[in-house]
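Since the structure comes first, as structure tokens, the remarks are kept for the end.
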Amino acid sequence: MNMRLVAGILLPAIGLIGVTAPALAGTLGKFECNIVGAIGLEPIGDRDDGVFKGAVSTGVSVSEMDGPKVKFLLGTAVHRIAGGLAAGQMLEATGSAVMQEGKPARGTASGNAIIKFASGTLATLSGKTIKYTSKPTGFNPFELEYTD
């Protein structure tokens, strides 16, 4: 049986298992993040709590700015951990930027996201709507926290 056929059968089944899992409460994870380049954001680790402990996260967001006000138009994230994977999509988010030399240097954000797919050790997150906040921890680094 080829791998695509196996993945096509098993992945949806794993997603259904996640939908029926018990609810979680509290912090899901905290990430220390760093801005790479002028616009790109790159997560660099996590804190010692939540189901995302030890996860590597990659995210992309698109936003528009009106002065210091930031409106997020698109956002996705993929969280990978040994034995688990979760993919999320931003539902809504707003933030504010601090400008330095006419360019956004750091900022805060908060919003809601939905975990569209989760498997393995992260399967209990599948279909859940979660909240997130981010705040600067230095000139480029920032902290991203997910809660339910």
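The residues of the chain are indexed from 1 along the displayed sequence.
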> If every non-hydrogen atom of Gly67 is compared with every non-hydrogen atom of Met65, which pair is closest and at what distance?
Replying inline: O-CE, 3.7 Å

> With Glu92, which residues qualify under side chain to side chain donor-acceptor pair (under 3.5 Å), at least two apart?
Replying inline: Asn112

>> Minimum heavy-atom separation for Ala93 and Tyr132, please, with both atom names.
In response: CB-OH, 3.0 Å

> Who passes side-chain contact (heavy atoms from CB on, under 4.5 Å) against Thr76, sequence neighbours left out?
Replying inline: Val60

> Roughly how far, to the nearest 0.5 Å, is the CD atom of Glu145 from the NZ atom of Lys135?
Replying inline: 7.5 Å

> When rounded to the nearest 0.5 angstrom, what is the spacing between CE in Met90 and CD1 in Ile130?
Replying inline: 12.5 Å

> Could you give the distance from OG (Ser57) to OH (Tyr146), rounded to the nearest 0.5 Å?
Replying inline: 5.0 Å

> Run the side chain to side chain contact (heavy atoms under 4.5 Å, CB included) check on His79 and Thr58 step by step: do they pass?
Replying inline: CA-CA 7 Å; His79 312 281; Thr58 303; over 6 Å; no

>> side chain to side chain contact (heavy atoms under 4.5 Å, CB included), that's the test. Do Leu85 and Val78 meet it? Break it down for me.
In response: CA-CA 7 Å; Leu85 177 110; Val78 175; 4.0 Å; yes

>> Which residues end up grouped with Ile114 if you chain together Ile, Leu, Val, Met, Phe, Trp and Tyr wherever their side-chain heavy atoms are less than 4.5 Å apart?
In response: Leu91

>> Please give me the minimum heavy-atom distance between Ser126 and Lys116, naming the atom from each residue.
In response: OG-O, 4.5 Å

> Taking C-beta and beyond as the side chain, do Glu64 and Leu73 meet within less than 4.5 Å on heavy atoms?
Replying inline: yes

> Which atoms form the tightest heavy-atom contact between Phe142 and Thr137, and what is the distance?
Replying inline: N-OG1, 3.6 Å

>> Which heavy atom of Pro136 sits nearest to which heavy atom of Gly107, and what is that distance?
In response: CD-O, 3.2 Å

>> Against Val51, only a single residue in Asp148, Thr27, Leu28 fulfils side chain to side chain contact (heavy atoms under 4.5 Å, CB included); can you say which?
In response: Leu28

>> Checking Ser96 now: which residues fulfil side chain to side chain donor-acceptor pair (under 3.5 Å) with it, not counting sequence neighbours?
In response: Thr108

>> Ile81: which residues meet the side-chain contact (heavy atoms from CB on, under 4.5 Å) condition with it, sequence neighbours left out?
In response: Ala55, Thr121, Leu122

